[in-house]
Trainee: 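Would you mind keeping the following structure in view while I ask a few things?
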Amino acid sequence: MAQPKNAPSSSLVSVIGSHFMAPHQLDIIVDRISSGILLISDINHKIMFKVKPCDSFLHEQRVLLDDDDQPIVSISAHDGWYAFRGDSESKSDMIFTTKKPCVIQLFKSGVNVFLANKTSNKNVCDFKVEGSWSKRNCTIYMGDTSTTIAQMSKIQSSENIVKFVNDKCKVTISPNVDFAFVITMIAIVEAMENSDTKSKGVVQVLGGVTKVVGPILLS
C-alpha cells in the first residue's frame, strides 16, 4: 500500500506517548457509529480505540479511550481545542492546543497544533491539519511544511478491507508516528465539522421561527 507523500523515513513523532508508535506504516479504520462516537480498528477489525462525547453545559468535549475504556486523552473546545492527558483538565496535564489558521479554504477544515511544552517560536505551529472530514481527505503535516505524517482517504470496495460505507474511512500513518495523536486530531476535525453542522441547523430553525412569529406580532 502506498506510503503518504513526503512521509518522513526516520523522524520520530511522539506527542501522546512513544508506546503509541509503530516502526512500520500503519493503516487504521475510523468508523463513526453516531455523532461524536468513533471506533478505531486495525485492518483486521480489532478495536484499538474509541472516541466518545462527554459534553458539559459550557464546552463540547471528547475523550479518547483504549480498548479497555481507559481514558488516554480528553479534548475540549474553548477558543480552540485543548488536549489533556487522561481525563484531566489541569494545565500541568495539557498536551497541546489548536487554533484555526487565518485563511481556510472554502468547505475545508483547517487547524494548527501547538505543543504545550514547546520552547521554540510559539507563533510557529508544530503540526497542521488540512482537509475535510466529510470528504474523507484530511492530511496531517509536520509543522508548517509539506511533510505528511498521516493521511485520511475513503475506503474503496476493491481494497477488501471493509465494505464501503459513508461513515468509515482509512487513515494511513507513517512509520514512527504517534498514532494516538493522529486519532486525537481526526476526532477534533470530526467534532469541528459536527459542531458547524449543528450551528447551521440552529440558524435555519431560528430563521423559520422568525418567519412564523413575525406575521403574528404584526397582526
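This one's a predicted model, so the numbers in the text were calculated from it and none came from an experiment. Residues take their numbers from the sequence shown, with the count starting at 1. Just so you know, these numbers use all the heavy atoms, side chains as well, and skip hydrogens, waters and symmetry mates.
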Trainee: Check Thr139 against Gln151 and note the closest heavy-atom contact, atom names and distance.
Mentor: OG1-NE2, 3.6 Å

Trainee: Under a 3.5 Å distance rule, please check whether Ser88 uses its side chain to pair with a backbone N or O of Ser90 as donor and acceptor.
Mentor: yes

Trainee: Test your reading of the model: is there a side-chain donor-acceptor pair from Thr145 to the backbone of Met142, 3.5 Å cut-off?
Mentor: yes

Trainee: Quick one: pull up NE2 in His78 and CD in Gln61 and give me the separation to the nearest 0.5 Å.
Mentor: 7.0 Å

Trainee: Got Met152 and Lys170 here, is their nearest side-chain heavy-atom distance under 4.5 Å?
Mentor: no

Trainee: Provide the closest heavy-atom pair for Lys99 versus Phe114 in the form atom of the first, atom of the second, distance.
Mentor: CB-CE1, 4.0 Å

Trainee: Measure across Ile75 and Val73 and return the closest heavy-atom pair with its distance rounded to 0.1 Å.
Mentor: CG2-CG1, 4.1 Å

Trainee: Just how far is it from atom CG of Asp79 to atom OG1 of Thr97, taken to the nearest 0.5 Å?
Mentor: 8.5 Å

Trainee: May I ask you to test the Met48-Ile28 pair for a side-chain heavy-atom distance under 4.5 Å?
Mentor: yes

Trainee: Would you check if the side chain of Gln25 reaches a backbone N or O of Ile173 as a donor-acceptor pair within less than 3.5 Å?
Mentor: no

Trainee: Would you say the side chain of Lys100 lies within less than 4.5 Å of the side chain of Met192, judging by non-hydrogen atoms?
Mentor: yes

Trainee: Would you check if Val30 and Trp133 make a side-chain contact, meaning some heavy-atom pair closer than 4.5 Å?
Mentor: yes

Trainee: Do Asn176 and Val13 make a side-chain contact, defined as non-hydrogen atoms from C-beta onward lying under 4.5 Å apart?
Mentor: no

Trainee: Quick one: are Pro53 and Ile37 in side-chain contact, heavy atoms under 4.5 Å?
Mentor: yes

Trainee: Can you check whether Ile16's main-chain N or O pairs, donor with acceptor, with Arg85's side chain at less than 3.5 Å?
Mentor: yes

Trainee: Look only at the side chain of Asp66 and the backbone of Asp68, and say whether a donor-acceptor pair between them is shorter than 3.5 Å.
Mentor: yes

Trainee: Can you tell me how far CE of Met185 sits from CD1 of Ile140, rounded to the nearest 0.5 angstrom?
Mentor: 6.0 Å

Trainee: Once side chain to side chain contact (heavy atoms under 4.5 Å, CB included) is applied, do any residues pair with Ser74, and if so which ones, sequence neighbours excluded?
Mentor: Phe84

Trainee: For Ser132 and Asn137, which I'm curious about, is there any donor-acceptor pair between the side chains at under 3.5 Å?
Mentor: no

Trainee: Check whether any side-chain heavy atom of Val177 sits under 4.5 Å from a side-chain heavy atom of Val182, and report yes or no.
Mentor: yes

Trainee: Sub-3.5 Å donor-acceptor pair from the side chain of Ser41 to the main-chain atoms of His45, do we have one?
Mentor: no

Trainee: With sequence neighbours left out, what residues match His19 under side chain to side chain contact (heavy atoms under 4.5 Å, CB included)?
Mentor: none

Trainee: Tell me if the aromatic rings of Phe127 and Phe96 count as close, with their centers under 6.0 Å from one another.
Mentor: no

Trainee: With no hydrogens and no angle check, is any side-chain donor or acceptor of Lys118 less than 3.5 Å from a backbone partner on Val124?
Mentor: yes

Trainee: What's the spacing between Ile47 CD1 and Asp31 CG if we round to 0.5 Å?
Mentor: 8.0 Å

Trainee: Tell me whether Leu26 shares a hydrophobic cluster with Leu39, the cluster being built from Ile, Leu, Val, Met, Phe, Trp, Tyr side chains joined at under 4.5 Å.
Mentor: no

Trainee: Would you name the heavy atoms of Ala180 and Leu64 that are closest together and state the gap between them?
Mentor: O-CD2, 3.8 Å

Trainee: Where is the tightest heavy-atom contact between Asp178 and Val15, given as atom of each residue plus distance?
Mentor: OD2-N, 2.9 Å

Trainee: I'd like to know if Lys91 and Glu89 make a salt bridge, using a cut-off of under 4.0 Å between side-chain N and carboxylate O.
Mentor: no

Trainee: Indicate the atoms forming the closest heavy-atom contact of Ser153 with Cys169, along with that distance.
Mentor: O-CB, 3.5 Å

Trainee: Is there a side-chain contact between Asn112 and Thr98, using heavy atoms and a 4.5 Å cut-off?
Mentor: no

